[in-house]
Number of protein chains: 2
Amino acid sequence: MKFTEKNMDISRRSVERLILYRKLLIRYEESGEAHIFSHKLAELADRTAAQVRRDLMAVGFPGSPVNGYQVKGLIKALSNFLDDPVGQNAALIGIGNLGRAVLEYCWKRHPKLKIVVAFDNNPSKVAVNIHDCECYDISALEENIVSHNIKVAILAIPATAAFSISQKLLKSGIKAILNFTPARLPIPDNVYIENFDIMRSLEKAAYFARKLDSKK
Amino acid sequence: MKFTEKNMDISRRSVERLILYRKLLIRYEESGEAHIFSHKLAELADRTAAQVRRDLMAVGFPGSPVNGYQVKGLIKALSNFLDDPVGQNAALIGIGNLGRAVLEYCWKRHPKLKIVVAFDNNPSKVAVNIHDCECYDISALEENIVSHNIKVAILAIPATAAFSISQKLLKSGIKAILNFTPARLPIPDNVYIENFDIMRSLEKAAYFARKLDSKK
DNA sequence: TTTTTTCTGTGAATTTCATCACACCAAATT
DNA sequence: AATTTGGTGTGATGAAATTCACAGAAAAAA
Ligand SMILES: NC(=O)c1ccc[n+]([C@@H]2O[C@H](COP(=O)([O-])OP(=O)(O)OC[C@H]3O[C@@H](n4cnc5c(N)ncnc54)[C@H](O)[C@@H]3O)[C@@H](O)[C@H]2O)c1
Ligand SMILES: NC(=O)c1ccc[n+]([C@@H]2O[C@H](COP(=O)([O-])OP(=O)(O)OC[C@H]3O[C@@H](n4cnc5c(N)ncnc54)[C@H](O)[C@@H]3O)[C@@H](O)[C@H]2O)c1
């Protein structure tokens, strides 16, 4: 069954890896390679070849035992699987240190996914244009979220403001939130949320550093 | 067996949750509560009560069927399990937008884990002191990592510099790296690495936003 | 031509992770 | 005094994720 239909359910972890594979493949293609074997892609992604092939089953792009996968075709198949054909817009809430770093970083990285609007309550930060992204006052949040058909938001405001803004986002039809504030937001389960907390990541890193350092 | 010894192997996910529990408990304690039941902690952490109790087995702090867990004691037991008794120091490499945001955010958040040194190759950023953190020229990296007994590093430099710096970190005995650059770093498996890539997280969020939005 | 090699695609086995369900306990209730 | 209530700690069970292992296919080697 080479051309598996792509409406099968797929795990969060698997999607994560598919996104990584695509990124690695784009880089790999730039180095001039036209084909790649699962074990090579696995090496780049730091996974096993079997897992790579399993993950790719969801995408349904066939490889050949002789040459492996055609890189260009696989990238296209992955994009077809992962991206919205029309493209998706995202919003940034909070144009502080972190918000600006994110804006800078995400600029022009993805042809189908762009941060097109940002919001802040500090007048000095609005009415400007950073990297193709229009900056508005926070009072214009709802109307712009709706009018730009935005379903993804990045929260980078102080924790104290996080809850009330998240409620507004939900009301405006947001379906995914990347939450950089340390606040825990109550979210219905038909909305995706990912909480980032660098302090917690640092604690985890420190825990394992200690374990690894004490071994041998 | 109430007082399980804590040298059992514990999964990465479980450690992650224990760190979250502690944070939630500290907040909970501030609200004046002295005791907590597993189902309440589960609710705060958005997990099940059974999983909370399972996770806590590793810590070995007993709860009572009548009052649940004593919050103060549990926080202490978690800290005892998670933290280095002496404390750990971390280093930041790259004092740019992102680096400064991280430095600001992590400042005074943890009594046993501190970013004590930072490095940059831009002279205008060194020889200053941000939030108790000394900023040095990158050439002083190795000696300071060693002299401060640092095992955890945060990489927030341009991707092009990531590989060579990571090699220096490894040589200096680093055991964990939080990598914010999009570079993939080859790391021996006795060193912990966590790769952050907001673009990839955003892609994932967009994927699930799309799926959730198309359902019903 | 026949055999060997090598890699894909995927059922089956295995391992890892999460939940279930219950023995046990102490307080509250009858 | 007996019974009910509600929560912990954990063995047993179930589900999910990963790895194994092999049929099949096509090129390369013999
Ligand atoms: N997850 C992490 O690792 C991490 C790292 C750094 C910072 N943070 C968190 O991310 C958030 C932003 O961090 P930062 O360093 O950029 O802070 P910052 O203070 O530099 O930026 C916050 C921005 O939000 C704006 N703002 C404040 N209230 C607002 C409101 N009600 N509506 C709209 N905009 C508002 C401010 O004007 C400011 O521009 C904070 O919650 C911080 O704790 C998280
Ligand atoms: N993971 C993410 O989501 C994310 C988000 C934003 C930025 N980033 C990445 O994080 C890194 C830093 O981002 P930023 O926005 O802070 O960039 P930045 O340009 O503001 O900061 C980079 C800093 O590194 C310093 N630097 C450059 N070369 C160096 C070297 N060889 N040794 C020491 N210091 C050096 C520069 O002087 C500068 O201060 C970049 O790789 C960027 O792509 C990642």
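Below, all heavy atoms of this structure are taken into account, side chains as well, without hydrogens, waters or symmetry copies. Naming: A, B, ... by sequence-line order, numbering from 1 per chain.
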Next item on the list: May I ask you to say what A:Ser14 touches in the nucleic acid, namely base, sugar-phosphate or nothing, with a heavy-atom cut-off under 4.0 Å?
Entry: nothing
Item checked: B:Arg17 NZ/CZ over B:Tyr21 ring centroid, <6.0 Å and within 45° of normal -> no
Note to self: Between P on D:dA21 and CD on A:Gln51, what's the gap in Å once rounded to a whole number?
What the structure shows: 17 Å
Note to self: If I take atom CE in residue A:Met57 and atom P in nucleotide D:dT19, what distance separates them, rounded to the nearest angstrom?
What the structure shows: 16 Å
Checklist line | First of A:Arg47 and B:Ser38 reached from the 5' end of DNA chain D, by closest nucleotide | finding: B:Ser38
Note to self: Could you tell me if B:Arg210 sits above the aromatic ring of B:Phe208, with its cationic atom closer than 6.0 Å to the ring centre and no more than 45 degrees from the axis?
What the structure shows: no
Next item on the list: When you get a sec, tell me which of D:dA21, C:dC7, C:dA21 is the closest nucleotide to the side chain of A:His39?
Entry: C:dC7
Note to self: Does B:Arg17 reach a base, just sugar-phosphate, or nothing at all? Heavy atoms under 4.0 Å.
What the structure shows: sugar-phosphate
Check: C:dC7 C1' sits how many Å from A:Leu56 CG, rounded?
Finding: 14 Å
Note to self: Whole angstroms only, please: what is the NZ-P distance between A:Lys40 and C:dT6?
What the structure shows: 18 Å
Notebook entry, point to check: Between B:Tyr192 and B:Glu194, does any side-chain donor sit less than 3.5 Å from a side-chain acceptor?
Noted result: yes
Next item on the list: Nearest whole angstrom, please: distance from the P of D:dG7 to the CD of B:Glu43.
Entry: 13 Å
Notebook entry, point to check: Quick one: the side chain of B:Arg54 and the base of C:dT19, do they pair up donor-acceptor inside 3.5 Å?
Noted result: yes
Check: The side chain of A:Arg13 lies closest to which of these nucleotides: D:dG6, D:dA17, D:dG9?
Finding: D:dA17
Check: Can you tell me how far P of C:dC22 sits from CZ of B:Arg53, to the nearest Å?
Finding: 14 Å
Notebook entry, point to check: Are B:Lys168 and B:Glu142 within salt-bridge range, i.e. N to O under 4.0 Å?
Noted result: no
Check: What's the CZ-P distance between A:Phe37 and D:dA26, to the nearest Å?
Finding: 15 Å
Note to self: With no hydrogens and no angle check, just 3.5 Å: does a side-chain donor-acceptor pair link B:Tyr105 and A:Asn97?
What the structure shows: no
Checklist line | Rounded distance (Å) that lies between atom C1' of C:dT6 and atom CG of A:Asn67 | finding: 12 Å
Next item on the list: Go through C:dA27, C:dC17, D:dG7 for me and flag the one nearest to the B:Val66 side chain.
Entry: C:dA27
Next item on the list: Choose from C:dC17, C:dT19, D:dG24 the nucleotide whose nearest atom is closest to any side-chain atom of B:Thr48.
Entry: C:dT19
